[in-house]
Amino acid sequence: MDSSSSTQFENFVASLVAHASHIQEQFVTEVTENYETTCWGCGLRVLLPSCASAFKCGWCGAITDQNKKKPNLKCIRWRVVRDRCFVSVVLVFMFFVIFGGVWAVYPVVFSVSILCGVFHSIITAILSVATISFFSFAAFRCAGTPPNILWGSYPTVGKSDLENYTYCHYCSKPKSPRAHHCRSCRKCVLDMDHHCPFIGNCVGAANHRSFIAFLISAVLSTIYVSIMSVYSGLRTWPPLKYSLGHINGIGLSVLLWQQLSYIYQGKTYLSHLSSQADSEEEKKDCQNLVTFFSLQYFVTRFLPTFRVTRKKHIK
């Protein structure tokens with residue numbers, strides 16, 4: 001190859017490199033170009049780089065995630081049918097145990113003495129009424145409605161009024177940091193712990209106490225039924241020594257222990273999962289149990305040195 005051809009080839013390669021660098025600079029310029037968007041919380045316009053898909057408004061504090069779009073809602077009637085079936089089965093089972101147990105055990109208990117029969121009747125009535133009442137409160141009471149708050153326009157929304165709020169694309173309204181949307185209930189629930197199909201409802205701020213009380217009464221009822229079944233069986237069939245009732249008691253006891261441990265830690269089941277991902281530490285204290293069961297008056301009245309701190313909901 002002569003010198004002139006070599007020079008032409010070098011010029012050609014140099015022109016290709018220059019053209020490629022020009023295209024790359026133009027591409028980078030287009031990618032890093034800023035764009036203007038609107039905050040859903042206060043309506044103010046925000047200038048963001050194109051690579052930012054989520055941002056927090058500097059005025060109202062609302063968080064916008066542009067990657068989350070309104071989902072395509074599928075038919076969820078099967079969830080409603082499932083929950084109703086579970087609730088019906090649980091109610092039938094409880095009534096069967098109550099009335100069937102009363103019919104089967106009463107002759108044996110009253111055969112011992114009238115006092116024993118009256119005592120058994122009182123205990124059975126208390127446990128039955130408590131279990132069914134707390135179940136009804138947990139199943140048919142609203143789990144917890146997030147607070148209503150003004151949003152959408154700048155004059156209405158003040159500084160930090162929507163701090164850490166997000167937008168729920170299911171409900172088309174603001175969602176507080178402690179709220180979670182339940183697809184089965186089709187609404188946002190404040191302090192949602194989980195959706196329980198056996199009560200056909202979410203466990204949240206409004207019915208969490210009733211759910212815990214139902215677990216306690218169910219555990220006590222299961223233990224009492226197991227004891228009375230064994231007692232009646234031993235009097236009727238002396239070789240009988242065991243009862244299958246303790247299996248249900250173990251399962252309910254484990255669930256109750258899990259719920260009480262979360263309350264002691266100041267968490268719900270969902271916040272426990274999110275704290276594991278975020279590596280956050282919550283304050284573990286018996287005050288959380290006192291606050292949950294609304295025992296502030298009793299504690300401050302009889303134990304003045306024990307201070308109770310109320311649980312605050314962050315807007």
Side-chain angles (χ1 to χ4, degrees), residues 25-74 76 142-195 202-206 208 262 265-283 288 291 309-315:
E25 290 176 0
Q26 184 179 3
F27 178 78
V28 172
T29 302
E30 291 177 356
V31 170
T32 57
E33 195 174 55
N34 295 336
Y35 71 101
E36 193 178 65
T37 186
T38 305
C39 173
W40 64 265
C42 57
L44 295 178
R45 294 188 175 274
V46 183
L47 188 64
L48 297 173
S50 58
C51 59
S53 60
F55 66 91
K56 183 176 180 179
C57 180
W59 172 256
C60 66
I63 298 176
T64 302
D65 190 354
Q66 299 183 1
N67 290 331
K68 292 184 178 180
K69 303 299 181 181
K70 188 173 182 178
N72 296 324
L73 296 178
K74 298 181 180 180
I76 57 175
C142 179
T145 304
N148 293 324
I149 191 169
L150 298 176
W151 64 285
S153 59
Y154 165 68
T156 305
V157 180
K159 181 70 173 177
S160 301
D161 282 353
L162 297 174
E163 188 68 25
N164 293 328
Y165 270 67
T166 55
Y167 186 78
C168 181
H169 294 280
Y170 295 93
C171 302
S172 299
K173 63 180 182 180
K175 182 175 65 175
S176 64
R178 300 189 65 91
H180 183 80
H181 184 87
C182 177
R183 295 187 181 183
S184 298
C185 297
R186 289 174 288 182
K187 61 183 178 180
C188 290
V189 178
L190 183 64
D191 280 348
M192 177 179 172
D193 186 83
H194 67 285
H195 181 86
C202 287
V203 178
H208 201 169
Y262 288 151
Q265 298 173 14
K267 299 179 181 179
T268 61
Y269 176 70
L270 292 178
S271 64
H272 171 71
L273 295 179
S274 61
S275 64
Q276 285 183 340
D278 299 338
S279 298
E280 295 180 356
E281 293 185 359
E282 298 287 345
K283 182 181 178 182
N288 295 327
T291 304
T309 57
R310 294 186 62 85
K311 183 179 180 181
K312 297 182 179 180
H313 293 287
I314 304 174
K315 287 186 176 181

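Ring centers of Tyr165 and Trp151: at least 6.0 Å apart, outside the cut-off.
The minimum heavy-atom distance linking Ala206 with Cys142 is given by the pair CB-O, 3.0 Å. Summarising the geometry of Gly204 relative to Val189, their closest heavy-atom pair is CA-CG1, 4.1 Å, with the distance given to 0.1 Å. Taking every heavy atom of both residues into account, Glu163 and Pro177 meet most closely at O-CG, 4.0 Å. A pairwise comparison of heavy atoms in Gly61 and Lys56 identifies O-CE, 3.5 Å as the closest pair. A pairwise comparison of heavy atoms in Met192 and His195 identifies CE-N, 3.8 Å as the closest pair.
The side chain to side chain donor-acceptor pair (under 3.5 Å) test with Tyr170 is passed by exactly one of Lys187, Arg186, Arg183: Arg183.
Between Asp161 and Leu150 there is no side-chain heavy-atom pair separated by less than 4.5 Å. Put simply, the side chain of Pro174 reaches to within 4.5 Å of the side chain of Trp40, judged on heavy atoms. Looking at heavy atoms from C-beta onward, Ser160 lies out of side-chain contact with Trp59 at the 4.5 angstrom threshold. Taking the side chain as every heavy atom from C-beta outward, Cys42 and Leu162 never approach each other to under 4.5 Å. The side-chain heavy atoms of Arg178 and Leu190, taken from C-beta on, include a pair separated by under 4.5 Å. Between Asp191 and His208, every side-chain heavy-atom pair lies at or beyond the 4.5 Å cut-off.
Atoms SG and NZ, from Cys188 and Lys173 in turn, are 6.5 Å apart once rounded to the nearest 0.5 Å. Interatomic distance, His169 NE2 to Asp65 CG, rounded to the nearest 0.5 Å: 7.0 Å. Atom CD1 of Ile63 sits about 10.5 Å away from atom NZ of Lys175, to the nearest 0.5 Å. The distance from the SG atom of Cys168 to the NE2 atom of His181 is 5.0 Å, given to the nearest 0.5 Å. Rounding to the nearest 0.5 Å places SG of Cys60 at 7.5 Å from CG of Leu44. Rounding to the nearest 0.5 Å gives a distance of 12.5 Å between NE2 of His194 and NE2 of His180.
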